[in-house]
Protein chains: 2
Amino acid sequence: MQYPEPIAKLIDSYTKLPGIGSKTATRLAFFTLDMDEKDVESFAKALVSAKKDLHFCSICGNITESDPCVICVDKSRDQSQVIVVEQPKDVMALEKMREYHGLYHVLHGVLSPIEGKGPEDINITGLIKRLQQNDQIKEVILATNATPEGEATATYIARLLKPAGVKVTRLAHGLSVGSDIEYADEMTLFKAIEGRTEL
Amino acid sequence: MQYPEPIAKLIDSYTKLPGIGSKTATRLAFFTLDMDEKDVESFAKALVSAKKDLHFCSICGNITESDPCVICVDKSRDQSQVIVVEQPKDVMALEKMREYHGLYHVLHGVLSPIEGKGPEDINITGLIKRLQQNDQIKEVILATNATPEGEATATYIARLLKPAGVKVTRLAHGLSVGSDIEYADEMTLFKAIEGRTEL
């Protein structure tokens with residue numbers, strides 16, 4: 001005997017999510033059966049709405065309901081700084097900090113020869129265009145991840161932008177706040193020593 | 001800045017699932033944005049359909065699209081045996097074995113004084129009724145989980161049914177197939193010795 005079709009289909013859908021195997025998917029599907037009908041319906045609506053109502057901002061590439069996004073249209077923000085990130089969630093992480101008031105640019109990926117991703121596959125041309133059309137931007141802060149691909153992408157963009165005379169910076173690498181030296185990996189320690197500051 | 005509303009709502013829905021915290025929910029929500037629109041739509045439909053199209057079988061209490069369920073209407077199955085389980089997923093687990101061809105009865109829970117669950121909160125009256133209306137049933141096999149609550153529920157049902165003259169049995173407890181004695185817990189070893197069989 002197989003699961004009744006409606007639950008088999010739901011298990012199948014849950015299995016497509018990352019990090020969810022068939023056992024967890026089954027558990028989630030049976031949990032769904034016990035949920036409030038209202039909650040299930042709003043879950044279904046949220047799925048469709050997230051897919052349909054969200055677009056990429058035509059200026060910065062961040063996800064947004066309205067185009068341009070709320071950050072790009074906010075003239076009270078510092079128009080001279082642009083932080084370049086890999087993903088929309090990086091924007092959210094930086095916004096949570098509440099200390100940065102400039103603009104963003106979302107690449108939607110990194111250069112990755114292994115995955116066959118070149119400069120034309122990520123939103124680099126959009127960044128170049130922004131710089132050409134907007135002379136208010138004085139500094140581009142590269143905030144790609146501290147992975148080999150993130151580093152390579154940052155280096156590539158830095159080389160591309162430097163001739164245009166714009167200031168290009170990179171986020172500092174070093175020990176996380178609250179971390180123990182004992183447990184830090186070698187690369188992090190090396191970056192922390194390399195980037196040491198005078199007191 | 002907050003997440004755009006559609007994604008915030010989706011994160012909120014994912015967070016309601018068991019074992020999914022806000023970080024995982026955020027990851028799943030962003031993953032959803034990258035999914036095929038078709039997959040997302042069928043996910044949404046599966047959610048609503050699982051909730052709307054599935055009912056409990058009026059005979060055995062298992063989840064089913066049609067009432068009575070396919071197992072209850074299947075006259076080729078052994079009508080003399082009924083396995084009593086806690087949850088619909090236990091039926092699926094036993095069916096996967098392909099060795100049992102009798103009927104089932106789903107309790108939808110166990111007796112649990114701590115959670116305030118008494119005999120009237122689980123599907124025991126349904127089982128009594130089935131036995132009263134159907135004299136084909138000769139054996140009731142109690143397959144509640146090997147937890148204190150499962151054991152208590154099994155004992156309770158056994159006491160209730162024995163006077164009616166029906167044979168009441170309990171699944172064997174002992175070492176899992178393929179397990180090491182070294183790693184077995186004390187209770188399992190005790191049950192394995194207690195239930196030892198002659199060769």
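In what follows, chains carry the letters A, B, and so on, assigned in the order in which the sequence lines appear, proteins first and then strands, with residues in each chain numbered from 1. As the structure is a prediction and not an experimental result, all values here were calculated from the model.
In this structure, the portions of B:F43 lying under 4.5 Å from any heavy atom of chain A include both its backbone and its side chain. For chain A, the nearby part of B:D34 is the backbone; its heavy atoms alone come within less than 4.5 Å. Heavy atoms of B:K52 lying under 4.5 Å from chain A belong exclusively to its side chain. With a threshold of 4.5 angstrom between heavy atoms, B:Q87 does not approach chain A through any atom at all.
Judged purely by atom type and a 3.5 angstrom limit, B:K51 uses its side chain to pair as donor or acceptor with the backbone of A:M35.
Residues B:P6 and A:E65 have side chains in contact (heavy-atom distance under 4.5 Å, counting atoms from C-beta outward). At a threshold of 4.5 Å between non-hydrogen side-chain atoms, the residues B:Y14 and A:L47 count as touching.
Your options are B:S49, B:A50, B:P18, B:A44, and the one with the most heavy-atom pairs under 4.5 Å with chain A is B:P18. In terms of non-hydrogen atom pairs under 4.5 Å with chain A, the most contact-rich of B:I7, B:D74, B:L54 is B:L54.
Contact between B:M92 and A:P4 at its shortest, heavy atoms only, is CE-CD, 3.8 Å.
Taking a 6.0 Å sphere around NZ of B:K16, one finds it holds more than 12 heavy atoms contributed by other residues, nucleotides or ligands.
By the rule that hydrophobic residues join a cluster once side-chain heavy atoms approach within less than 4.5 Å of another member, B:L175 and B:M97 end up as members of separate clusters.
Taking OH of A:Y3 as the reference point, atom NZ of B:K89 lies at 8.5 Å (rounded to 0.5 Å).
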